[in-house]
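Before any comments, here is the structure.
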Amino acid sequence: MRSWVANSGLSVGAKLPPERDLSGSLGISRTELRKALLLLEAEGGVERRVGSGTFLKRLPEKKNDVSIAGSTAALSECTGPYEAMMARLALEPELARMAALHATPQQLRKLRGLCADMKSSRNWTEYEKLDAIFHDVVASASGNSLLHELFKIVNGVRLVVVWRRLDTSQTVPPPDYHSFDEHDAIVSALERRASGEARKAMQSHLQTTLNAMTSE
């Protein structure tokens with residue numbers, strides 16, 4: 001997929017062809033194409049805009065095995081969904097604890113706004129995009145740039161390997177979707193600078209997601 005983008009002649013901001021056409025050109029299934037696009041999105045190479053399509057965010061660069069993108073690509077090939085969620089459980093509660101101490105008022109306002117936006121999501125794709133931004137802001141608010149970069153690797157792998165939608169019976173998140181209250185609890189703890197509560201709130205949120213993944 002990176003090779004196709006590099007040789008496509010597209011410029012930054014250009015819209016990629018529809019999935020049906022692109023999968024045909026590449027000779028792969030649409031499922032395989034979506035996995036590739038998820039990885040490129042995690043790397044910051046493309047951007048999905050709900051209702052509009054997928055757009056080129058930056059041109060691909062030569063990668064090596066020690067780059068974040070290279071690590072994400074390699075790890076996504078040898079990591080299962082359960083492993084990815086366990087990595088999140090090991091990392092994100094601590095990031096939330098640190099964010100309670102270091103988050104700026106601007107970051108807290110952004111998180112509160114994301115909570116509201118997720119509740120009014122028009123579909124699961126929009127919700128998932130906002131959810132990814134929410135967790136990235138928490139990681140950034142930790143004040144530790146190295147851990148934030150580590151989060152990006154874990155999250156990039158997670159986007160590829162974790163089942164992206166646990167309940168497909170509805171086209172939009174239901175009003176009582178468990179993550180809404182869990183996100184609110186995380187932000188409330190951050191706003192109160194309650195580091196221990198923030199850690200527990202994030203751990204509870206991720207554990208609920210893991211339980212949903214592993215239940216029948």
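Values below: every heavy atom of this structure, side chains too, minus hydrogens, waters and symmetry copies.
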*Taking only residues two or more places apart in sequence, or in another chain, which ones meet Tyr127 in a ring pair (Phe, Tyr, Trp, His ring centres under 6.0 Å)?*
Trp124, Tyr177
*Given Leu16 and Leu37, is the side-chain contact (heavy atoms from CB on, under 4.5 Å) satisfied, shown in steps?*
CA-CA 11 Å; Leu16 272 63; Leu37 291 174; 4.0 Å; yes
*Within residues 95-111 or reaching into it, pairs that qualify as salt bridge (Lys or Arg N to Asp or Glu O under 4.0 Å) - sequence neighbours excluded*: Glu94-Arg97
*If you look only at pairs with a residue in residues 14-59, which of them pass as a ring pair (Phe, Tyr, Trp, His ring centres under 6.0 Å), with sequence neighbours excluded?*
none
*List the steps and the verdict of side-chain contact (heavy atoms from CB on, under 4.5 Å) for Glu41 and Lys57.*
CA-CA 9 Å; Glu41 183 180 21; Lys57 196 171 180 180; over 6 Å; no
*Is Leu26 reachable from Leu10 through a run of hydrophobic residues whose side-chain heavy atoms are each under 4.5 Å from the next?*
yes
_Would you compute the distance between atom CD of Glu182 and atom OG1 of Thr208 and round it to the nearest 0.5 angstrom?_
4.0 Å
*Hey, is Glu197 close enough to Lys200 for a salt bridge, meaning N to O under 4.0 Å?*
no
*asked:* Once salt bridge (Lys or Arg N to Asp or Glu O under 4.0 Å) is applied, do any residues pair with Glu83, and if so which ones, sequence neighbours excluded?
replied: none
*First locate atom CD of Gln207, then atom CZ of Arg88, and finally report the distance between them rounded to the nearest 0.5 Å.*
12.0 Å
_Working to the nearest 0.5 angstrom, can you tell me the gap between Arg158 CZ and Leu38 CG?_
9.5 Å
*Considering all heavy atoms of both residues, which atom of Arg112 and which atom of Glu191 are nearest to each other, and what is their separation?*
NH2-OE1, 2.8 Å
*Option among Met98, Met202, His148 that satisfies the side-chain contact (heavy atoms from CB on, under 4.5 Å) test with Val138*: Met202
_Over all atoms of both residues, closest heavy-atom pair of Ala198 and Leu190_ = CB-CD2, 3.8 Å
*Hey, could you give me the CG/CG distance between Leu114 and Asp131, rounded to the nearest 0.5 Å?*
9.5 Å
_Grouping I, L, V, M, F, W and Y whenever their side-chain heavy atoms are under 4.5 Å apart, do Leu146 and Leu101 come out in a common cluster?_
no
*Taking the side chain as every heavy atom from C-beta outward, state whether Met118 and Ser179 have any pair of such atoms under 4.5 Å apart.*
no
*What is the minimum heavy-atom distance between Val187 and Cys115, and which atoms define it?*
CG2-SG, 3.7 Å
_Residue pairs, two or more places apart or on separate chains, that pass side-chain hydrogen bond (donor to acceptor under 3.5 Å, both in side chains) and touch residues 113-123_ = Lys119-Asp184, Arg122-Glu126
*Under the side-chain contact (heavy atoms from CB on, under 4.5 Å) rule, what do Asn155 and Asp136 come out as? Steps first, then yes or no, please.*
CA-CA 9 Å; Asn155 191 51; Asp136 184 76; 5.8 Å; no
*Any idea which heavy atoms bring Leu206 and Pro93 closest together, and the distance?*
CD1-CD, 4.1 Å
*Measure the acute angle between the ring planes of His135 and His183, then classify it against the limits of 30° and 60° as parallel, tilted or perpendicular.*
perpendicular
*Could you pull out all residues at least two apart from Lys129 that satisfy salt bridge (Lys or Arg N to Asp or Glu O under 4.0 Å)?*
Glu47
*Got a sec, which residues hit side-chain contact (heavy atoms from CB on, under 4.5 Å) with Arg193, two or more places apart in sequence or on another chain?*
Ala103, Leu108
*Can you sort out the partners of Glu32 under salt bridge (Lys or Arg N to Asp or Glu O under 4.0 Å), two or more places apart, ordered by chain and number?*
none
*Inter- and intrachain pairs under ring pair (Phe, Tyr, Trp, His ring centres under 6.0 Å), touching residues 19-49, at least two apart*: none
*From Leu111 atom CG to Gln107 atom CD, the distance as rounded to the nearest 0.5 Å*: 7.5 Å
*About how many Å separate CH2 of Trp4 and CG of Leu22, when rounded to the nearest 0.5 Å?*
5.0 Å
*What heavy-atom pair brings Phe180 and Pro174 nearest, and what distance separates the two atoms?*
CE1-O, 3.3 Å
_Assess the residue pair Leu210 and Met86 against the criterion (side-chain contact (heavy atoms from CB on, under 4.5 Å)); give the C-alpha distance rounded to whole Å, side-chain angles, the decisive distance to 0.1 Å, and a yes or no._
CA-CA 8 Å; Leu210 178 60; Met86 291 305 295; 3.9 Å; yes
_With sequence neighbours excluded, residues passing side-chain contact (heavy atoms from CB on, under 4.5 Å) with Ala185_ = Ala201
_Minimum heavy-atom separation for Glu19 and Leu33, please, with both atom names._
O-CD2, 3.5 Å
*Indicate whether the side chain of Asn144 and that of His102 have a donor and an acceptor atom separated by less than 3.5 Å.*
no
*Partners meeting side-chain contact (heavy atoms from CB on, under 4.5 Å) with Leu91 (sequence neighbours left out)*: Leu95, Leu147, Leu150, Phe151, Val154
*Under the side-chain contact (heavy atoms from CB on, under 4.5 Å) test, which residues partner Ala90, sequence neighbours left out?*
none
